[in-house]
Amino acid sequence: MNNALKVNQEKIVSALFGLAVGDALGVPVEDESRESLKRNPVHNMRELGTHNQMAGNWSDDSSMTFCLAESLCKGYDLDDIARKFVDWIFNGTWCAGDEAFDYGNVTYKALNRLHNLMQLHRKINPKKGKHEMECSNGSLMRTLPLAFFMMNLPVEERFRITDEVSRLTHGHPRSSLACHIYLEFARELIIGFSKQEAYRNMQHQVNAFIHSIADMQEEAPHFRRILLEDIGLLPEDEIQSNGYVVHTLEASLWCLLKYDNFTDTILAAVNLGADTDTTAAVTGGMAGLLYGYDQIPKEWMDVLAKGDEIEALVKRFAENIK
């Protein structure tokens, strides 16, 4: 392809390891309040805690991200992505430990539906919905591999694929738009823009594109603080970090724009409290892109679960999307 944008392996390694590290840092303190974490902030990997996991174990955020990356090694096949997700939740594929944990009700119900379709040998069809429950962050947390896979596709195709993959579990268009914003920002970081340049470029491109799609025009006001303002300028007490997809995206962008190194960025995300693993995973993927693999603290990497398996996957992924 002429003028094709290149994606080097280091970007993929740093992004996916950054995501997994953020996830693992957040797992032990998920659902803790911001006030509690101000008194006893996370500075390093912890064990046990909320989910009684070993230090370095990551959750559904990373598991589903790795499932998506593994599927994309063979090209874009929505049925195969769905099978990988189903195999994760029911059989423990790409789990840090013995079985899947910490998945939400929306994800479970959607994957159970897909499992039933597979049992009946029916075609996988992403669902559409307007229920507010489907505005949780379960598709945003796992979408990052698409940024690499879609680098040289036109924006219309990037949005179509993003929307389909999001709707495997989260049928609401708000979830799809959140994923699109995140991936467009990640794309700018992959190209090599600074975080402020990437943010401004994303705002311009997303605002221009979504005016052509009725569902997205309706959803755009929910992202006003991201798309029309500078989310990084807001004070911390105006940033929420629960499981609502808009809040997760806002919190992650806020951390990235406010702090200037990998460690401070990720720890800020974890210590916001509430949905700590997902906020930190989404933040970690972007911080990995921005700061690189070498800036991820070695003491975190040393205890990260299945590091060799992750490394093998990301290398395979990089080789297959050149």
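The shown structure was predicted, so the numbers you read here are calculated from the model rather than taken from an experiment.
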Open item on the list: Testing the basics here: between Cys255 and Ala268, what is the closest heavy-atom pair and its distance to 0.1 Å?
Closed with: SG-C, 3.9 Å

Task: N/O donor-acceptor pair under 3.5 Å between Tyr293 side chain and Phe17 backbone - done: no

Open item on the list: Filter on side chain to side chain donor-acceptor pair (under 3.5 Å), then keep only pairs touching residues 104-115, sequence neighbours left out; what's left?
Closed with: Arg113-Asn125

TODO: Answer yes or no: is there a donor N or O on one side and an acceptor on the other, between the side chain of Thr265 and the main chain of Leu256, under 3.5 Å?
DONE: no

Open item on the list: I need the Leu168 CG to Met64 CE distance, nearest 0.5 Å.
Closed with: 8.0 Å

Task: Exceeds 12 heavy-atom contacts within 6.0 angstrom, atom CG of Asp308 - done: no

Open item on the list: Quick check against the 3.5 Å criterion: does Tyr182 have a side-chain atom that pairs as donor or acceptor with the backbone of Val282?
Closed with: yes

Task: Plane angle bin for Phe101 and His51 - parallel if under 30°, tilted between 30 and 60°, otherwise perpendicular - done: tilted

- [ ] Say whether, by atom type as modelled, one donor and one acceptor occur between the side chain of Ser252 and the main chain of Thr248 under 3.5 angstrom.
- [x] yes

TODO: Locate the shortest heavy-atom distance separating Ser136 from Val245; write the atom from each residue and the value.
DONE: O-CB, 3.5 Å

- [ ] Answer yes or no: is there a side-chain heavy-atom contact under 4.5 Å between Ile124 and Met118?
- [x] yes

Open item on the list: Do Val155 and Leu183 land in one hydrophobic cluster if side-chain heavy atoms of ILVMFWY residues count as linked below 4.5 Å?
Closed with: yes

- [ ] For the residue pair Met141 and Thr65, establish whether any side-chain heavy-atom pair is separated by less than 4.5 Å.
- [x] no

Task: Leu37 side chain reached by Thr276 side chain, heavy atoms, under 4.5 Å - done: yes

Open item on the list: Donor-acceptor check, side chain of Gln203 to backbone of Glu229, threshold 3.5 angstrom: yes or no?
Closed with: yes

- [ ] Return yes when atom CD of Gln196 has more than 12 non-hydrogen atoms of other residues, nucleotides or ligands closer than 6.0 Å, and no otherwise.
- [x] yes

- [ ] Please report the shortest heavy-atom distance between Ala305 and Asn57, naming the atom on each side.
- [x] CB-OD1, 3.5 Å

- [ ] Side-chain contact test, heavy atoms from C-beta onward, threshold under 4.5 Å: evaluate it for Leu289 versus Met286 and give yes or no.
- [x] no

Task: Polar side-chain atom of Asp98 near backbone of Gly92 as donor-acceptor pair, under 3.5 Å - done: no

TODO: Could you pull out the closest heavy-atom pair between Ile310 and Trp58, with the gap in Å?
DONE: CD1-NE1, 3.8 Å

- [ ] Starting at CG of Leu249, measure out to CG of Leu177 and round the result to the nearest 0.5 Å.
- [x] 9.0 Å

TODO: For atom CE of Met301, decide whether the heavy atoms of other residues, nucleotides or ligands shown that lie under 6.0 angstrom number more than 12.
DONE: yes

Task: salt bridge (Lys or Arg N to Asp or Glu O under 4.0 Å) partners for Glu238, two or more places apart - done: Arg225

Task: Side chain Arg34, main chain Leu272, donor-acceptor under 3.5 Å - done: yes

TODO: Could you walk me through whether Val21 and Met45 pass side chain to side chain contact (heavy atoms under 4.5 Å, CB included), step by step?
DONE: CA-CA 9 Å; Val21 161; Met45 292 286 185; 4.2 Å; yes

TODO: Without swapping roles, check the side chain of Asp264 against the backbone of Tyr259 for a donor-acceptor pair under 3.5 Å.
DONE: no

Open item on the list: Between His211 and Asn207 (side chain of the first, backbone of the second, donor and acceptor by atom type, cut-off under 3.5 Å), is there such a pair?
Closed with: yes

Open item on the list: Is the ring pair Phe66/Trp94 parallel, tilted or perpendicular, if the boundaries are 30 and 60 degrees?
Closed with: tilted

- [ ] Please tell me if the side chains of Met202 and Leu227 come closer than 4.5 Å, counting only heavy atoms from C-beta onward.
- [x] yes

Open item on the list: In the structure I gave you, are the side-chain heavy atoms of Asn271 and Lys38 within less than 4.5 Å of one another anywhere?
Closed with: no

- [ ] Return the orientation label for the Trp88 and Tyr103 ring planes: parallel under 30°, perpendicular over 60°, tilted otherwise.
- [x] perpendicular

Task: Within residues 154-180 or reaching into it, pairs that qualify as salt bridge (charged side-chain N to carboxylate O under 4.0 Å, His left out) - sequence neighbours excluded - done: Glu132-Arg174, Glu157-Arg160, Arg158-Glu184, Arg160-Glu164, Asp163-Arg167, Arg174-Glu219

Open item on the list: Suppose the criterion is salt bridge (charged side-chain N to carboxylate O under 4.0 Å, His left out): which pairs have a residue in residues 189-216, not counting sequence neighbours?
Closed with: Lys195-Asp260

Open item on the list: A side-chain contact here means heavy atoms from C-beta on lying under 4.5 Å apart; do Ile239 and Ile231 qualify?
Closed with: yes

Open item on the list: Just to verify, what does Glu10 make a salt bridge (Lys or Arg N to Asp or Glu O under 4.0 Å) with, not counting sequence neighbours?
Closed with: none

Task: Same cluster (ILVMFWY, side-chain, under 4.5 Å), Val246 and Leu233 - done: no

Task: With Arg83, the side-chain contact (heavy atoms from CB on, under 4.5 Å) member among Leu114, Leu78, Asp77 - done: Asp77

Task: For the student: nearest non-hydrogen atoms of Ser166 and Ser139, plus distance - done: OG-OG, 2.9 Å

Open item on the list: Between Ile191 and Asn201, is there a side-chain heavy-atom distance shorter than 4.5 Å?
Closed with: no

Task: Heavy-atom closest pair, residues Ile266 and Ala280 - done: CD1-O, 4.1 Å

Task: Carboxylate-amine/guanidinium proximity below 4.0 Å for Lys315 and Glu311 - done: yes

Task: Side-chain donor/acceptor of Ser14 to backbone N/O of Gly292, under 3.5 Å - done: no

- [ ] Would you list the pairs meeting salt bridge (charged side-chain N to carboxylate O under 4.0 Å, His left out) in which at least one residue belongs to residues 270-292, sequence neighbours left out?
- [x] none

